[in-house]
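Letters go in sequence order (proteins before strands), and every chain restarts at 1.
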Number of protein chains: 2
Amino acid sequence: MTDKLTLDEIAQRAGVSRTTASRVLNNRPNVRPEVRERVQQVIEETGYSPNPVARSLAIQHTHILGLVLPRRSDTVFTDPYFPVLIQGIAQACNDHEYTLGLFLLQTPEEERKLLPRIAHKGLLDGLIIQVGEIGDQLIARLLEKNVPLVVAGRPAQEIPVSYIDVDNVAGAYQAVSHLIRLGHTRIGTITGALNTTAALDRRTGYEQALREHGLPLEDALVAPGNFNESSGYQAMQQLLPHRPTAIFVASDVMVFGALRALSEAGLRVPEDMALVGYDDLPPAANAAPPLTTVHQPVLRFGEQAVEILLDILENGSVPPRRVILDTELIIRDSCGASQA
Amino acid sequence: MTDKLTLDEIAQRAGVSRTTASRVLNNRPNVRPEVRERVQQVIEETGYSPNPVARSLAIQHTHILGLVLPRRSDTVFTDPYFPVLIQGIAQACNDHEYTLGLFLLQTPEEERKLLPRIAHKGLLDGLIIQVGEIGDQLIARLLEKNVPLVVAGRPAQEIPVSYIDVDNVAGAYQAVSHLIRLGHTRIGTITGALNTTAALDRRTGYEQALREHGLPLEDALVAPGNFNESSGYQAMQQLLPHRPTAIFVASDVMVFGALRALSEAGLRVPEDMALVGYDDLPPAANAAPPLTTVHQPVLRFGEQAVEILLDILENGSVPPRRVILDTELIIRDSCGASQA
DNA sequence: ATGAAAGCGCTAACAT
DNA sequence: ATGTTAGCGCTTTCAT
């Protein structure tokens with residue numbers, strides 16, 4: 001009702017041309033103060049607000065950013081990581097007056113169906129896309145469509161795309177070094193899904209720390225997980241017979257699974273087994289025991305992702321931007337540092 | 001690059017008018033098969049896809065639905081409920097070829113700033129809005145703007161708006177009745193945030209069950225929480241001195257807090273204290289002990305929300321739709337039923 | 001079956 | 001400072 005108003009009607013009621021009305025609407029110069037005043041009056045009174053679609057068509061951008069979360073999105077909403085990421089991105093969108101479009105690409109068919117909408121510059125000004133599994137061609141396809149793009153996470157292939165990531169290698173390295181410093185020598189790891197660069201990088205950091213401190217790498221101490229709780233549980237059970245005294249776990253959610261396995265085995269943390277996790281999202285601090293874990297700044301990660309994207313929108317995408325955020329080891333109880 | 005294509009160019013290349021090109025693009029009749037074929041050729045070859053914004057302006061709707069999550073959104077992304085809700089909604093949007101816009105209204109200023117965009121029929125075809133705190137005027141304001149709307153959760157005021165909710169009273173009633181059946185007579189509750197209809201309704205169900213089974217209501221056995229972990233922890237501590245033998249907790253996340261308090265107090269679950277939660281999201285089954293809890297079909301909740309909205313879009317919003325989904329008590333270990 | 005022309009609601013040269 | 005005019009890229013009457 002209050003919405004069928006058009007700029008033309010506002011102009012008429014104010015006794016000016018549509019152009020002038022547009023000028024005051026957009027706070028542009030070259031309008032006599034009194035006229036401006038009058039038009040503003042009308043706008044107020046009528047509660048007019050311009051049709052965003054019409055404006056978008058005229059100015060050739062929509063002020064809408066897309067966030068696309070590819071495959072494996074069942075994990076997506078089981079891990080507290082993604083909600084926080086979304087929150088950071090949404091927050092930044094608000095701050096910069098952009099609207100956020102959310103695209104969950106659960107199946108290949110969905111991906112096919114959605115691709116045109118996503119790739120068309122008409123609807124979305126740009127895209128933030130969560131990096132998928134290794135081998136996923138989505139980013140490459142989007143890239144050749146020439147859509148402004150920033151990837152959340154390090155892409156597997158070396159392609160000229162902008163991305164933001166956390167220093168996973170360094171984070172894992174910190175975690176494991178800490179364990180070594182505490183005197184552990186048989187340190188295992190529960191990895192994330194290894195078709196993922198994040199998991200690969202964290203394993204690399206684990207290996208690096210061991211190697212640099214002269215500790216042997218032992219295959220039996222590396223158990224594959226996939227970032228969810230059950231996989232942490234199973235991996236822990238698999239590790240137990242090999243008698244590690246400490247484990248670096250590639251995500252906090254998997255730590256919860258590991259804790260469950262340990263408790264069933266009658267083992268205490270950190271007395272019988274030291275644990276360091278990865279993420280430091282809200283549940284970590286309230287765990288029993290509170291988790292020593294590698295903090296990643298997920299909120300800021302999301303915010304910066306949109307800032308990079310906006311920068312690209314303004315200044316073009318060459319050269320590709322690369323941003324690596326630092327992690328920080330948060331020491332709580334699960335590593336046993338307090339009694340060291 | 002591949003995107004500057006317009007329908008006009010397609011038409012030219014195919015040697016037809018723009019009108020005809022549009023017809024084949026939209027699978028409309030009145031095109032000679034051979035011509036249709038030819039146009040389709042060109043579309044394929046060029047990889048043309050129509051500009052959604054231009055189309056939206058012409059047909060006067062965008063195929064974009066908005067999901068708005070008001071205030072208290074810090075809770076929003078700490079509780080696994082919302083991610084799942086979002087997933088359900090996103091899924092349904094995909095299925096129905098709609099795009100999902102996400103609006104996080106964290107502060108009153110953001111709400112003010114975003115309102116025009118949200119309320120304008122130009123951008124969004126319709127809205128799903130998570131019910132806010134009691135007293136929140138957002139829904140009322142949107143309603144008078146005449147935006148197609150469905151509320152997720154029961155609004156506090158009696159207003160003629162469509163909504164979908166879960167039967168919170170019945171869910172809580174089931175939970176508490178179960179505890180009574182197990183022989184408990186001193187049953188406490190940890191409520192959700194009481195400025196919320198969901199929390200209020202669950203408390204009502206708790207009271208109803210007690211009353212109908214001839215058990216006294218005792219103020220000291222009702223501890224206020226706010227749906228997050230810490231509040232569950234504190235509420236549990238507050239309850240302990242009053243010696244309940246069982247607690248109905250208004251959300252699983254608060255159960256985790258309660259478990260933490262109990263474990264610190266050296267009490268076992270369910271032997272020393274029986275617990276029933278609410279939600280039954282993924283973490284519930286993997287808890288230690290696995291949680292007896294009231295299952296709500298969150299995914300379906302989200303899906304149906306969009307279906308109601310689409311129905312409204314097609315058939316108008318009178319009368320307002322009201323959908324109440326059933327809950328189901330899932331019996332696991334935390335209530336002690338197995339040894340009863 | 002096909003096309004010309006008008007229109008969706010706005011912005012932006014360009015002229016005055 | 002203001003208005004005229006021409007788009008933005010599509011759909012949709014209305015003729016033919």
First locate atom CG of Leu325(A), then atom CG of Asp165(A), and finally report the distance between them rounded to the nearest 0.5 Å.
-> 9.0 Å
Euclidean distance, Thr20(A) OG1 relative to Leu25(A) CG, rounded to 0.5 Å | 12.0 Å
Got a salt bridge between Lys113(A) and Glu97(B), using NZ or NE/NH1/NH2 to carboxylate O under 4.0 Å?
->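 Looking at Lys113(A) and Glu97(B), the cut-off is met.
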What do you reckon, is CD of Glu44(A) surrounded by more than 12 foreign heavy atoms closer than 6.0 Å?
-> no
Using nucleotides 6-9 of chain D, report all nitrogen or oxygen pairs with the protein that are shorter than 3.5 Å.
| unit_1 | atom_1 | unit_2 | atom_2 | d |
| --- | --- | --- | --- | --- |
| dC8(D) | O3' | Gln60(A) | NE2 | 3.4 |
| dC8(D) | O2 | Ala58(A) | N | 3.4 |
| dG9(D) | OP1 | Gln60(A) | NE2 | 3.3 |
| dG9(D) | N2 | Ala54(B) | O | 3.2 |

Of residues 20-45 of chain A, the positions that come close to DNA chain C - non-hydrogen atoms, cut-off under 4.0 Å = Ser22(A), Asn26(A), Arg28(A)
Positional range of nucleotides in DNA chain C within the contact set of chain A, heavy-atom, under 4.0 Å |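 Counting from the 5' end, contacts occupy dG9(C) to dA13(C).
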What ring-ring contact (aromatic ring centres under 6.0 Å, His included) pairs are there with at least one residue in residues 300-325 of chain A, not counting sequence neighbours?
-> none
Salt bridge (Lys or Arg N to Asp or Glu O under 4.0 Å) partners of residues 150-160 of chain B, not counting sequence neighbours, each pair once |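 Salt bridge (Lys or Arg N to Asp or Glu O under 4.0 Å) check on residues 150-160 of chain B returns Arg154(B)-Asp201(B).
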Mark yes or no for a side-chain to base donor-acceptor pair under 3.5 Å between Thr19(B) and dT11(D), with no hydrogen or angle criteria applied.
-> no
Report the C-alpha separation of Gln12(B) and Asp8(B) in whole Å, then their side-chain angles, then the decisive distance to 0.1 Å, and conclude whether the side-chain hydrogen bond (donor to acceptor under 3.5 Å, both in side chains) test is met.
-> CA-CA 6 Å; Gln12(B) 266 185 309; Asp8(B) 271 307; over 6 Å; no
Would you check if Leu85(B) and Gln130(B) make a side-chain contact, meaning some heavy-atom pair closer than 4.5 Å?
-> yes
Can you pull out how bent the helix from dA1(C)-dT16(D) to dT16(C)-dA1(D) is, comparing the axes over its first five and last five pairs, to 10°?
-> 40°
Short side-chain to backbone donor-acceptor contact, Arg18(B) and Ala11(B), under 3.5 Å |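 It does not hold such a pair.
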Under 3.5 Å, side chain of Asp136(A) to main-chain N/O of Leu138(A), donor-acceptor pair present?
-> yes
Any side-chain donor near an acceptor of the partner, Gln106(A) and Gln91(B), under 3.5 Å | yes
Output, in order, the C-alpha distance, side-chain angles, deciding distance and verdict of side-chain hydrogen bond (donor to acceptor under 3.5 Å, both in side chains) for Thr46(A) and Arg13(A).
-> CA-CA 10 Å; Thr46(A) 55; Arg13(A) 300 202 197 197; over 6 Å; no
